[in-house]
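The block underneath contains the structure these notes are about, expressed in structure tokens.
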2 protein chains.
Amino acid sequence: MKVPPAGEEEAQFRALLRHEGLRMTPERSVILSEIFKIEGHFQPDDLLVRFRTNGVRISRATIYRTLDLLVSCGLVRRETFAGDAHYERAHHVEGHAHHDHLVCTSCGAIFEFYNSEIERLQEVVCREFDFELQGHSHQISGLCADCRRRAAVV
Amino acid sequence: MKVPPAGEEEAQFRALLRHEGLRMTPERSVILSEIFKIEGHFQPDDLLVRFRTNGVRISRATIYRTLDLLVSCGLVRRETFAGDAHYERAHHVEGHAHHDHLVCTSCGAIFEFYNSEIERLQEVVCREFDFELQGHSHQISGLCADCRRRAAVV
DNA sequence: ATTGCTATTGAGACGCAGTCTAGATTAGGA
DNA sequence: TCCTAATCTAGACTGCGTCTCAATAGCAAT
């Protein structure tokens with residue numbers, strides 16, 4: 001399989017793989033670069049479809065395995081919306097590595113937010129329960145600005 | 001099918017069904033009373049198993065449909081943890097109809113919390129995005145007190 | 001460049017949660 | 001009691017994700 005052009009992220013991925021004694025393969029490279037072409041969220045089968053339509057043959061299993069790797073490397077983030085796994089390249093909101101999501105129940109649009117006060121209060125909650133915070137999942141659902149306007153017209 | 005003893009919740013359910021032009025059936029009654037025997041969270045197939053072991057025959061489809069009804073009636077709440085649907089009878093933490101969850105990543109224990117400040121800040125976030133808040137899902141994952149202790153020993 | 005060890009891959013079987021279907025049954029108003 | 005729409009069941013089906021295992025191919029050492 002032809003090896004696609006490498007980017008900065010690929011160098012990072014390669015370094016992390018080596019550190020773990022794992023290998024870089026054309027498939028992993030293709031998957032990584034495809035992901036970094038996508039703005040916003042995607043689901044594993046979105047990648048499958050993209051590859052199929054481009055004539056690239058990479059199996060579902062490999063996609064899932066590679067996504068797991070990228071998540072544990074921190075290059076990609078996984079999010080679960082109403083039982084559906086979504087992924088997104090890890091990037092930043094206002095300089096924060098972490099963010100949470102607003103999900104529009106009408107059109108499915110996803111917005112990112114970060115609120116340091118909420119983050120802090122979660123730590124307070126954990127202290128109350130003698131709980132060691134490892135992570136969290138926080139989604140606010142409702143109507144986005146566009147859908148509110150649309151609903152107001154009707 | 002034999003009709004089980006009715007409780008206060010059944011009266012409420014019955015009233016809501018009537019209001020919607022729907023019918024009370026023995027199956028719905030059995031499912032409701034079984035749910036109200038359960039403390040904490042359960043999954044749809046937990047009910048299936050309970051019924052099977054008690055010799056009660058109610059199909060999976062009926063369980064799912066009835067759970068949907070109970071959720072839309074507000075008697076039961078649905079929550080998604082890591083892609084798995086969990087249900088719980090709607091009840092209150094410190095007088096609040098709503099609460100969120102701490103999930104232990106080691107033993108799976110689930111704790112409930114309510115933090116009015118976090119609730120308020122969510123409204124602030126929505127205002128920033130011109131977003132109409134309908135609901136939210138907020139789970140904090142980590143190690144519960146017991147598992148922390150257990151980990152400390154080892 | 002070659003070799004050898006072993007990580008990785010692909011295709012499809014599999015598992016599980018949840019939905020759908022079609023025919024049989026039944027709640028509940030007239 | 002009768003009638004009819006709502007409901008039930010069993011099981012087929014769907015979709016997402018995981019697993020298997022023989023074949024392939026990185027990559028470190030030679």
Side-chain angles (χ1 to χ4, degrees), chain A residues 1-4 6 10-11 13-32 34 41-52 55-73 76 78-87, chain B residues 1-4 6 10-11 13-32 34 41-52 55-73 76 78-87:
Chain A
M1 178 180 279
K2 199 162 109 304
V3 179
E10 181 169 328
F13 188 27
R14 202 176 281 270
L16 287 158
L17 287 174
R18 172 158 317 175
H19 183 264
E20 298 294 323
L22 303 174
R23 297 169 182 171
M24 175 53 84
T25 65
E27 290 81 4
R28 288 179 178 169
S29 180
V30 168
I31 290 170
L32 179 65
E34 192 66 34
H41 300 74
F42 62 91
Q43 293 183 266
D45 274 14
D46 294 340
L47 290 177
L48 242 202
V49 170
R50 277 165 167 261
F51 291 143
R52 289 270 162 80
V56 178
R57 290 170 55 83
I58 295 183
S59 78
R60 192 202 315 277
T62 298
I63 289 174
Y64 278 96
R65 286 185 292 230
T66 303
L67 283 172
D68 284 348
L69 278 175
L70 291 169
V71 168
S72 62
C73 285
V76 165
R78 158 189 242 142
E79 199 70 29
T80 305
F81 299 130
D84 284 328
H86 288 243
Y87 293 82
Chain B
M1 178 180 281
K2 199 162 115 287
V3 179
E10 181 168 329
F13 188 27
R14 202 177 282 271
L16 287 158
L17 285 175
R18 172 156 317 175
H19 182 264
E20 298 293 324
L22 303 173
R23 297 172 182 168
M24 174 52 84
T25 64
E27 290 81 4
R28 289 178 178 170
S29 180
V30 168
I31 291 171
L32 179 64
E34 192 66 33
H41 300 73
F42 61 91
Q43 293 184 266
D45 275 14
D46 294 339
L47 290 177
L48 240 203
V49 170
R50 277 165 168 262
F51 292 143
R52 289 270 162 82
V56 178
R57 290 170 56 83
I58 295 183
S59 78
R60 192 200 315 276
T62 298
I63 290 174
Y64 278 96
R65 285 185 294 235
T66 303
L67 284 171
D68 285 347
L69 279 175
L70 290 168
V71 168
S72 62
C73 285
V76 166
R78 159 189 241 142
E79 198 71 28
T80 304
F81 298 129
D84 284 327
H86 289 243
Y87 293 81

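As the structure is a prediction and not an experimental result, all values here were calculated from the model. So you know, we letter chains A, B, ... as the sequences are listed, proteins then strands, and number each from 1.
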Using a 4.0 Å heavy-atom cut-off across all strands, classify B/Asp45 as base, sugar-phosphate, or nothing. sugar-phosphate

B/Tyr64 side-chain N/O to C/dG18 phosphate OP1/OP2 under 4.0 Å: yes

Value in whole Å for how far the C1' atom of C/dT8 lies from CG of A/Leu17: 12 Å

Quick one: does B/Arg28 reach the base of D/dT7 with a side-chain donor-acceptor pair under 3.5 Å? no

Just to verify, what does B/Arg50 make a salt bridge (Lys or Arg N to Asp or Glu O under 4.0 Å) with, not counting sequence neighbours? B/Glu34

Establish whether the base of C/dG10 is bridged to the side chain of A/Arg65 by a donor-acceptor pair shorter than 3.5 Å. yes

Value in whole Å for how far the C1' atom of D/dC16 lies from CG of A/Asp84: 9 Å

Bending between helix ends of the helix from C/dA1-D/dT30 to C/dA30-D/dT1 [5 pairs per end, 10° resolution]: 30°

Between D/dC27 (C1') and A/Glu20 (CD): distance, integer Å: 17 Å

Could you check B/Thr25 against B/Arg60 and say which one's nearest nucleotide on DNA chain D is further toward the 5' end? B/Thr25

From D/dA6, D/dT9, C/dT9, nucleotide with atom closest to B/Ala61 side chain: D/dT9

Rounded to whole Å, how long is the line connecting atom CZ of A/Arg18 with atom C1' of D/dC27? 9 Å

Exam field: side chain A/Ser72 to backbone A/Leu69, donor-acceptor pair closer than 3.5 Å: yes

Just how far, in rounded Å, is C1' of C/dT9 from CZ of A/Arg57? 12 Å

Here the distance between atom P of C/dG10 and atom CZ of A/Arg52, to the nearest Å, is 11 Å

